[in-house]
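In this chain, residues are counted from 1 in sequence order.
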Amino acid sequence: QVQLVESGGGLVQAGGSLRLSCAASGRTFSSYAMGWFRQAPGKEREFVAAISWSGRSTVYAYSVKGRFTTSRDNAKNTVYLQMNSLKPEDTAVYYCAARPIIGVPTTSSEYNYWGQGTQVTVSS
């Protein structure tokens, strides 16, 4: 069982930056692939980024590639999403997710555990 808690969301102007954190409970965090997803009002949840258990492999959605970076600190049981050059269309609730797997899942159905989400609002 893994519990995930996101933090770091907020209101930022277009072009600004935010760093989201996702703190995980449990002693086996280092064996979990971690993903970031987002859901805007009236839209389906969409994949943003994912990172392998070791941190050596990452995958990004085309819409955020080059602007967002995900990383992890297994000693702190935390995964991060650094978001730069934010755009109004990045406005959404952002969720982190976990799955005990070797690899980098990119679909929500592949993940077992989810956080409660954190709101990111980008003003124009």
Inset, instruction - Given side chain to side chain contact (heavy atoms under 4.5 Å, CB included), test Phe68 with Leu86 step by step and report yes or no. - result: CA-CA 9 Å; Phe68 291 11; Leu86 283 161; 3.8 Å; yes
Inset, instruction - Could you check Val104 against Thr58 for side chain to side chain contact (heavy atoms under 4.5 Å, CB included), going step by step and ending with a plain yes or no? - result: CA-CA 7 Å; Val104 194; Thr58 55; over 6 Å; no
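Between the side chain of Thr121 and the main chain of Leu11, no donor-acceptor pair closer than 3.5 Å is present. At distances below 3.5 Å, at least one donor-acceptor pair connects side-chain atoms of Glu6 with backbone N or O atoms of Gln116.
Arg67 is linked by a salt bridge (charged side-chain N to carboxylate O under 4.0 Å, His left out) to Asp90, counting only residues two or more places apart in sequence or in another chain. With sequence neighbours left out, Tyr60 forms a ring pair (Phe, Tyr, Trp, His ring centres under 6.0 Å) with no residue at all. Not counting sequence neighbours, Glu110 has no partner by the salt bridge (charged side-chain N to carboxylate O under 4.0 Å, His left out) test. For Trp53, there are no ring pair (Phe, Tyr, Trp, His ring centres under 6.0 Å) partners, not counting sequence neighbours. In this structure, the side-chain contact (heavy atoms from CB on, under 4.5 Å) partners of Gln3, at least two apart in sequence or on a different chain, are Ser25. Remark: Ser71 engages Tyr80 in a side-chain contact (heavy atoms from CB on, under 4.5 Å) (not counting sequence neighbours). Partners of Tyr113 by ring pair (Phe, Tyr, Trp, His ring centres under 6.0 Å), not counting sequence neighbours: none found. For Ala23, the side-chain contact (heavy atoms from CB on, under 4.5 Å) test picks out Thr78, with sequence neighbours left out. Phe29 is linked by a ring pair (Phe, Tyr, Trp, His ring centres under 6.0 Å) to nothing, counting only residues two or more places apart in sequence or in another chain.
Contact annotation: the side chain of Met83 never approaches that of Ser17 to less than 4.5 Å [non-hydrogen atoms, C-beta and beyond]. Side-chain atoms of Leu20 and Thr118, non-hydrogen and from C-beta on, do get closer than 4.5 Å to each other.
Note on residues 39-53: pairs passing salt bridge (charged side-chain N to carboxylate O under 4.0 Å, His left out), not counting sequence neighbours, are Arg38-Glu46. Listed by first and then second residue, the disulfide (SG to SG under 2.5 Å) pairs involving residues 19-54 are Cys22-Cys96 (not counting sequence neighbours). Among pairs with a residue in residues 70-87, none fulfils salt bridge (charged side-chain N to carboxylate O under 4.0 Å, His left out), at least two apart in sequence or across chains.
Closest approach of Pro88 to Ser124, counting heavy atoms only: CG-CB, 3.8 Å. In plain terms, the two heavy atoms of Val2 and Ala24 that are nearest each other are CG1-CB, 4.1 Å. Among all heavy-atom pairs drawn from Trp114 and Tyr111, the shortest one is NE1-O, 3.7 Å. Here the closest heavy-atom approach between residue Val93 and residue Gly117 is recorded as CG1-CA, 3.8 Å. Of all non-hydrogen atoms in Ala92 and Gln119, the two that sit nearest each other are O-NE2, 3.4 Å.
Expressed to the nearest 0.5 Å, how far CG of Asn84 lies from OG1 of Thr69 amounts to 6.5 Å. Distance check, rounded to the nearest 0.5 Å: CG of Asn74 to CE of Met34 gives 9.5 Å. Here Ser30 contributes atom OG and Asn77 contributes atom CG; the two are 8.0 Å apart, rounded to the nearest 0.5 Å. One distance of note links OH of Tyr94 with CH2 of Trp36; it measures 10.5 Å at 0.5 Å rounding.
Residues Phe47 and Phe37 bring their aromatic ring centres within 6.0 Å.
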